[in-house]
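Data block below; observations after.
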Amino acid sequence: MSVSRQRSLAALDRARASVAGGDSSAMRVLPYHPPIVAERGEGAWIVDIDGNRYLDLNMGYGPHLFGHRPAFLIERLGRALAERGPQLGFPTELNAEVAEKVRRLFPSMQRMRFANAGTEAVASAVRVARHATGRRRIVLFEGHYHGWSEAVFHRYHAPLEDLPARPGDAALPGTLGMGTDLAQHAVLCPWNDAASLAQVLDRHRGEIAAVLMEPVMGNGGTVPPRPGYLQAVRDLTRDHGCLLMFDEVITGLRVAAGGAQERFGVTPDLTVISKVLGGGVPIAAFGGSRDLMEPVARGTVFHGGVYSSNVMVLTAASAVLDRILDEADTLYPRLEATAAALARGFATIFEAHQVAHCVQHVGAVLSVFLTRDRVEHLHDYRAVRRHGDFERYIRLEHALAERGVYLHPNMFEPLFPSLAHGPEEIDFALNRVEDGVRGCLRIH
Ligand code: PMP
């Protein structure tokens, strides 16, 4: 494929004149991104405004478990929008309907609230934790991302030299313009190492409100929890009287119907889900036990939002949840097989061409790391940083985009295969990967 990107380039130029940076997420238009302005999604594919088609392995950053624009979802959404309107400003029956379905999959979320994005839901859940424990500090982990709120936005992709010398040192603010809350109240810990967490909880004994983590690291590249790690964290948090909070924005309804808590059998106190829940519309949910959520119910811990739980987002969530509740037994094994086939395929190609790599996945959260040296596993953010060859990955990504396959160019971003990625799509992707590797990576 020889791609022309004339219209995309012109559209970005035009946008830059009135949209700061050309788009409304800091992650989307960056100098190392191929300039692709999207027109539409179709199953496993993205079509750009120049008419180029890409097999999409980013899938909108994760919400599209059923592929882009699945008929069952669009039909229900279209009907609700046409017949009811997106936003009514009153409670609707959808509230209970969706929450009951979420509870069937996430029994730990006895009471929940719907929010508009993962960022909001995490920030609200942190308030719940602080109020419940009467403590201020939050433990965050290197490489983990929980949205851009004042409460938790830390420098999650910090270079190695900027990481704290000691587990439990203050987390660095994630952006200019932040207040002082984070530096005073959030401490940073290496992930996947129970001894480090034990040290942090000792060092800040009696001060920690919550330990907040992605139960499978996703935003620092896909890293599974070591066997027993999540349980050890569960035990430590109980011993120290602090809450365990799983940010399942990525893993919820993806690594298993009931998320990482189902897959690994460890139950947190507070949970946040988002992405797959909405199938592409902006919804998140946070929740926990009835007692923990009681102050939210009473309104003493405030949570609001004009658009929270509107007709559009709850209709989408209801449709997605119906599908998952009806078909989980077949959907998740299919996703698992797709991710495993992609993982094996990438690894086989890299081996054949002697490209140092490490492929890791937990269900359909997958990272294809190119590495500077031979390495068997990457167990935490520092290892990904130390061994990862980010420059080479960008070169591979550009070569693949030229050949009609789209991965996010930042190696920290996982691939999100979907149910629309069948055997033909996998073959297409792997053929192009083989060609791309020949074209740009051969000699290490
Ligand atoms: N938590 C995790 C684990 C995420 O991956 C993200 C988004 N990528 C967020 C929170 C923030 O969600 P949102 O962008 O919807 O605010």
Side-chain angles (χ1 to χ4, degrees), residues 23-28 30 57-65 106 113-127 129 138-157 171 174-175 182 186 191-192 210-225 230 244-255 259-261 263 268 270-287 303 305 307-310 312-313 316-317 320 362-367 381 384 408-416:
D23 194 77
S24 293
S25 165
M27 331 270 273
R28 234 175 268 152
L30 290 165
L57 289 168
N58 179 53
M59 297 304 286
Y61 291 81
H64 303 303
L65 198 73
F106 292 82
R113 276 288 179 96
F114 298 108
N116 303 292
T119 299
E120 279 182 25
V122 172
S124 291
V126 165
R127 284 202 182 129
I138 304 292
V139 176
L140 302 173
F141 292 89
E142 294 167 5
H144 292 220
Y145 174 68
H146 307 288
W148 43 268
S149 72
E150 295 292 305
V152 296
F153 185 39
H154 69 116
R155 207 169 158 212
Y156 67 115
H157 284 167
T175 175
L182 188 101
W191 186 70
N192 234 352
V211 171
L212 169 60
M213 67 167 63
E214 300 178 56
V216 171
M217 187 166 78
N219 283 286
T222 308
V223 176
L230 296 178
L244 174 58
M245 200 164 139
F246 277 179
D247 176 347
E248 298 226 40
V249 166
I250 287 178
T251 51
L253 307 134
R254 175 171 283 277
V255 301
Q261 51 199 275
R263 187 170 177 124
L270 287 164
T271 298
V272 177
I273 56 176
S274 182
K275 299 196 171 181
V276 170
L277 176 66
V281 303
I283 183 170
F286 67 96
H303 167 255
Y307 298 109
S308 295
S309 72
N310 67 41
M312 176 178 77
V313 300
V320 166
V362 176
V365 186
L366 167 74
S367 281
Y381 172 74
V384 175
H408 197 283
N410 187 337
M411 197 166 71
F412 283 127
E413 288 288 339
L415 281 57
F416 294 113

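Remember, predicted model here, so these are calculated numbers, not experimental data. Both ligands and their constituent atoms are indexed starting at 1 by order of listing.
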In short, Val362 meets Val255 closest at the heavy-atom pair O-CG1, 3.5 Å

Please indicate whether Tyr61 has more than 12 foreign heavy atoms, meaning atoms of other residues, nucleotides or ligands, lying under 6.0 Å from its OH. yes

Backbone of His154 reached by a side-chain donor or acceptor of His146 within 3.5 Å: no

Fit a plane to each ring of His157 and Tyr381, take the angle between them on a 0 to 90° scale, and name the class: parallel (under 30°), tilted (30 to 60°) or perpendicular (over 60°). parallel

Output for pair (Asn58 CG, Phe416 CZ), nearest 0.5 Å, gives 7.0 Å

Report every pair formed by an N or O atom of ligand 1 and a protein N or O atom separated by less than 3.5 Å, giving atom names and the distance to 0.1 Å.
| from | atom 1 | to | atom 2 | distance (Å) |
| --- | --- | --- | --- | --- |
| ligand 1 | 1 (N) | Tyr145 | O | 3.3 |
| ligand 1 | 1 (N) | Asp247 | OD1 | 3.3 |
| ligand 1 | 1 (N) | Asp247 | OD2 | 2.6 |
| ligand 1 | 5 (O) | Asn219 | ND2 | 3.0 |
| ligand 1 | 8 (N) | Lys275 | NZ | 3.0 |
| ligand 1 | 15 (O) | Gly118 | N | 2.9 |
| ligand 1 | 16 (O) | Gly118 | N | 3.4 |
| ligand 1 | 16 (O) | Thr119 | N | 2.8 |
| ligand 1 | 16 (O) | Thr119 | OG1 | 2.5 |

Under 3.5 Å, is there a donor-acceptor pair between the side chain of Gln261 and the main chain of Phe106? no

